[in-house]
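Everything on this sheet refers to the single structure shown next.
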Protein chains: 2
Amino acid sequence: MRKDSRLSRVLHILVHMAAIARPVTSEEMAEMISTNPVVVRRTMALLRDANYVTSTKGHHGGWLLAKPLANITLLDIHHALGESSIFTIGLSDEHSHCVIEQAVNTALKDVMDEAKALMLQRFGQITLDQLGADRISSYLNKG
Amino acid sequence: MRKDSRLSRVLHILVHMAAIARPVTSEEMAEMISTNPVVVRRTMALLRDANYVTSTKGHHGGWLLAKPLANITLLDIHHALGESSIFTIGLSDEHSHCVIEQAVNTALKDVMDEAKALMLQRFGQITLDQLGADRISSYLNKG
DNA sequence: TGAAAGGTAACTTTTATTGTTACATAAGAT
DNA sequence: ATCTTATGTAACAATAAAAGTTACCTTTCA
């Protein structure tokens, strides 16, 4: 299964955007993450749908943040990207009538649900403005 | 990303094995999980390498548990299947020199590590014999 | 009206899992 | 002895999801 790197990539872009006081084009963003503009538009469109960014066409167009990074959490962006499964571990479903299969799947699902809940809770505690600040303080601390 | 359903499938097989007092063939196991014997051998071979099962060739051959289910945890089996990533979320690595990318990835990695630690801890607390017992008691409780 | 931007559909590439075929080897049954 | 029943394994095909690419559209402003 190929990894979904959209969250990492789009967070990278958003933090850059906050430091650039003008519309940023898909072309520029594509260079930030070494891909092409269509891939960028595809992901950014989801954030626009959730009102975290706006886009304008034509000359001097591009993308702008719709709110300060301090008002956006990792969870917000995660959700904006859609409700896809976060685990590579899947449950079998060949014989859903088998009580053993049901017991196995219930046990696995309970654990995965708990881990997911923890992860989303942590994501909800981190705002995007902390990503820059965290980095600077750890840089100063480590030399 | 396609899900890795080996853990769920092989747990299903192991619990069945405990209830069958003779060597179980790959053919029989393949029917349990609706696949073919080669797929079964591929996964079971990993469990044999980790000494959870044994296999014998020829007439009346097949697979046997090497220890009681009570002595095997979900974590044991998870580890026996190899150290593959459990998350579909990947980190970008286009520009590892960019401090913003590093800050984003560190934040994501910290959260994922924490969620993974919780998941593995829970897996370590569940022995395979509980899968049958859990199911029966929940069945009785729910009617 | 031409250049610069986003919008989007359709298709290809990539990557990991799963499935399949084929054949070798081992061990007990006849 | 040799046939049958098993596992062992290599090589290849099918499947599925993300990412990449191409092509063409519309919008906006100089």
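Within every chain, numbering begins at 1; the chains are lettered A, B, ... in the order of the sequence lines, protein sequences first and strands thereafter.
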Verify whether one side chain among B/R6 and B/T43 offers a donor that lies under 3.5 Å from an acceptor in the other. no

Evaluate B/N105 against A/S8 for side-chain contact (heavy atoms from CB on, under 4.5 Å), listing each step before the verdict. CA-CA 7 Å; B/N105 283 344; A/S8 172; 2.8 Å; yes

Nearest-angstrom distance from the residue atom CD1 of A/I89 to P of C/dT18: 11 Å

For A/E101, is there any backbone N or O sitting under 3.5 Å from a side-chain donor or acceptor partner on A/S92? no

Where the side chain of B/D110 meets the backbone of B/A107, is there a donor-acceptor pair that is under 3.5 Å apart? no

Phosphate-side-chain proximity, A/R6 and D/dG20, N/O vs OP1/OP2 below 4.0 Å: no

Strictly distance-based, threshold 3.5 Å: is any side-chain N or O of B/T88 a donor or acceptor partner for the main-chain N or O of A/S85? yes

Nearest-Å distance for atom pair CZ/C1', residues A/R2 and D/dT15: 15 Å

Please write out the pairs of protein N or O atoms and N or O atoms of nucleotides 4-11 of chain D separated by less than 3.5 Å, giving the distance to one decimal.
from  : atom 1 : to    : atom 2 : distance (Å)
D/dT4 : O2     : B/H59 : NE2    : 3.1
D/dT5 : O4'    : B/H59 : NE2    : 3.3
D/dA6 : O4'    : B/G58 : O      : 3.3
D/dT7 : OP1    : B/S26 : N      : 2.8
D/dT7 : OP1    : B/S26 : OG     : 3.1
D/dT7 : OP1    : B/W63 : NE1    : 3.4
D/dT7 : OP2    : B/S26 : OG     : 3.3
D/dT7 : OP2    : B/R41 : NH2    : 3.2
D/dG8 : OP1    : B/R48 : NH1    : 2.2
D/dG8 : OP1    : B/S55 : OG     : 3.1
D/dG8 : OP2    : B/R48 : NH1    : 2.8

Nearest whole Å is fine: how far is C/dT18 P from A/L91 CG? 12 Å

Under 4.0 angstrom, heavy atoms only, what part of the nucleic acid is B/S84 near: base, sugar-phosphate, or nothing? nothing

Report yes if a side-chain nitrogen or oxygen of A/N36 is closer than 4.0 Å to either non-bridging phosphate oxygen (OP1 or OP2) of D/dT21; otherwise report no. yes

Nearest 0.5 Å please: distance from the NZ atom of A/K116 over to the NZ atom of A/K109. 8.5 Å

Return the value, rounded to whole Å, for the distance between atom CG of A/D4 and atom C1' of D/dG20. 14 Å

